[in-house]
Amino acid sequence: MASDAPAKYDIKKAHKRLYAPSAKGFEVVEVPELSYLAVDGHGDPNTSSGYADAVEALYSVSYGIKFASKRELDRDFVVGPLEGLWWAEDMSTFLTRDKSAWDWTMLIVQPDWITAEMVHTAIEKAEGKKQLPPVELRRISEGTSAQILHIGAYDDEGPTLDRLHHEYLPQHGLTFNGHHHEIYLSDPRRTAPEKLKTVLRQPVRPA
């Protein structure tokens with residue numbers, strides 16, 4: 001018997017082209033303005049306690065928002081994947097993997113019907129259980145971007161990024177127009193490093 005319950009919203013299905021690119025080569029996409037929970041930080045994500053706290057905060061608040069949305073609005077959704085914006089004073093550190101030099105903003109995308117008030121309430125509830133780093137609701141507009149699906153360990157991204165920076169962008173008359181963006185489609189706790197799936201995205205503009 002068909003259910004009358006509304007379909008659960010899933011960002012990966014609603015914007016499939018943004019979250020399921022090909023691994024065979026770079027493609028240019030138009031990324032609309034989207035809402036994200038965001039936490040800023042600096043340093044090696046493998047050793048920084050701030051990074052682990054940021055990820056925990058994002059998931060705690062995101063699930064609080066999800067439950068509130070389902071309870072109060074009868075609108076359920078799949079919590080989006082962890083995402084990150086990455087940059088550094090010297091961008092070559094991404095090729096050399098000098099992670100101590102990296103700045104980052106970790107993100108989880110939110111449906112457009114989620115309001116600042118709902119976010120504020122979810123943050124207050126999460127902070128009542130544990131002290132969290134500052135979580136903000138931000139609108140981010142990346143626009144024209146080049147992206148590819150990377151399959152493998154995070155530390156093996158270097159050659160793909162080198163190809164993007166020094167081959168694909170120059171050959172197509174493009175240059176950087178924002179921070180390097182990664183979308184983590186796999187759970188590293190349950191997935192072998194060689195099977196991890198990560199979207200690598202770079203906002204671009206004509207050079």
Side-chain angles (χ1 to χ4, degrees), residues 6-22 26-41 54-55 57-70 72-88 91 94 102-123 126 132-150 161 164-165 168-169 172-185 197-207:
K8 185 184 293 189
Y9 178 83
D10 186 341
I11 184 70
K12 298 189 300 300
K13 295 178 180 177
H15 292 283
K16 187 174 181 179
R17 194 167 179 217
L18 303 182
Y19 286 84
S22 170
F26 296 102
E27 59 182 340
V28 172
V29 295
E30 292 296 326
V31 185
E33 186 176 75
L34 296 169
S35 292
Y36 296 86
L37 292 184
V39 179
D40 299 319
V55 173
L58 287 173
Y59 277 112
S60 295
V61 177
S62 289
Y63 275 100
I65 293 170
K66 168 188 166 69
F67 298 141
S69 178
K70 185 176 182 180
E72 298 167 12
L73 304 177
D74 196 27
R75 300 186 76 174
D76 196 7
F77 64 92
V78 177
V79 171
L82 181 68
E83 308 188 29
L85 302 178
W86 300 85
W87 69 100
M91 290 300 289
F94 285 99
W102 296 356
D103 292 298
W104 42 261
T105 297
M106 302 315 297
L107 307 163
I108 293 182
V109 71
Q110 303 295 310
D112 278 341
W113 69 80
I114 300 302
T115 65
E117 183 178 356
M118 294 174 71
V119 173
H120 178 72
T121 300
I123 290 172
L132 301 174
V135 180
E136 297 179 0
L137 181 66
R138 295 182 191 167
R139 296 285 288 179
I140 297 176
S141 180
E142 292 181 300
T144 306
S145 301
Q147 65 177 30
I148 193 171
L149 179 65
H150 171 76
L161 295 176
L164 171 68
H165 297 174
Y168 183 85
L169 295 186
H172 291 78
L174 299 170
T175 190
F176 301 98
N177 192 37
H179 296 317
H180 171 69
H181 188 160
E182 299 192 352
I183 302 170
Y184 307 103
L185 301 176
K197 294 183 177 180
T198 308
V199 178
L200 306 182
R201 179 185 297 160
Q202 177 59 56
V204 295
R205 61 176 174 80

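Starting from 1, each residue takes its place in the sequence as its number. What you see is a predicted model; the values in this text were computed from it and never measured.
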Quiz item: Would you call the rings of Trp102 and Trp86 parallel, tilted or perpendicular if under 30° counts as parallel and over 60° as perpendicular?
Solution: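 Trp102 and Trp86: perpendicular rings.
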Quiz item: With under 30° as parallel and over 60° as perpendicular, where do the rings of Phe176 and His165 fit, or are they tilted in between?
Solution: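 Perpendicular: the ring planes of Phe176 and His165 meet at over 60°.
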Would you check if the side chain of [X] reaches a backbone N or O of [Y] as a donor-acceptor pair within less than 3.5 Å?
{"X": "Arg201", "Y": "Leu18", "value": "yes"}
{"X": "His15", "Y": "Ile11", "value": "no"}
{"X": "Ser69", "Y": "Arg75", "value": "yes"}
{"X": "Thr121", "Y": "Glu117", "value": "yes"}

Partner residues of [X] under the side-chain hydrogen bond (donor to acceptor under 3.5 Å, both in side chains) criterion, sequence neighbours left out:
{"X": "Glu83", "answer": "Tyr19, His181"}
{"X": "Glu33", "answer": "Arg139"}
{"X": "Lys13", "answer": "none"}

Self-check item: Min side-chain heavy-atom separation Leu82-Val55 under 4.5 Å
Solution: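 Yes. Closest side-chain heavy atoms under 4.5 Å.
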Quiz item: Are Met106 and Tyr184 side-chain neighbours, meaning at least one heavy-atom pair lies under 4.5 Å?
Solution: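 When only atoms from C-beta onward are counted, Tyr184 and Met106 do touch, with a gap below 4.5 Å.
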Quick check: closest heavy atoms across [X] and [Y], and the distance to 0.1 Å?
{"X": "Ile65", "Y": "Ala122", "result": "CG1-CB, 3.6 Å"}
{"X": "Trp113", "Y": "Leu73", "result": "CD1-CD1, 3.7 Å"}
{"X": "Val39", "Y": "Pro134", "result": "CG2-O, 3.6 Å"}
{"X": "Ser35", "Y": "Leu137", "result": "CB-CD1, 4.2 Å"}

Taking only residues two or more places apart in sequence, or in another chain, which ones meet [X] in a side-chain contact (heavy atoms from CB on, under 4.5 Å)?
{"X": "Val79", "value": "Tyr59, Ser62, Tyr63, Lys66, Phe77, Ile108"}
{"X": "Ser60", "value": "Glu56, Ala126"}
{"X": "Val199", "value": "Pro21, Gln147, Leu149, Ile183, Leu185"}

Practice problem: Might you work through the side chain to side chain contact (heavy atoms under 4.5 Å, CB included) test for Glu142 and Leu85, ending with a clear yes or no? | Solution: CA-CA 11 Å; Glu142 292 181 300; Leu85 302 178; 4.0 Å; yes
Self-check item: Neighbour count >12 (heavy atoms, 6.0 Å) for atom NZ, Lys12
Solution: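 Yes, the 6.0 Å shell around NZ holds more than 12 heavy atoms from other groups.
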Quiz item: Can you find a side-chain donor-acceptor pair between Ser145 and Gln202 that sits under 3.5 Å?
Solution: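 No, no side-chain donor-acceptor pair sits under 3.5 Å.
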Quiz item: Asn177 and Thr144: side chain to side chain contact (heavy atoms under 4.5 Å, CB included), yes or no, with the steps?
Solution: CA-CA 9 Å; Asn177 192 37; Thr144 306; over 6 Å; no
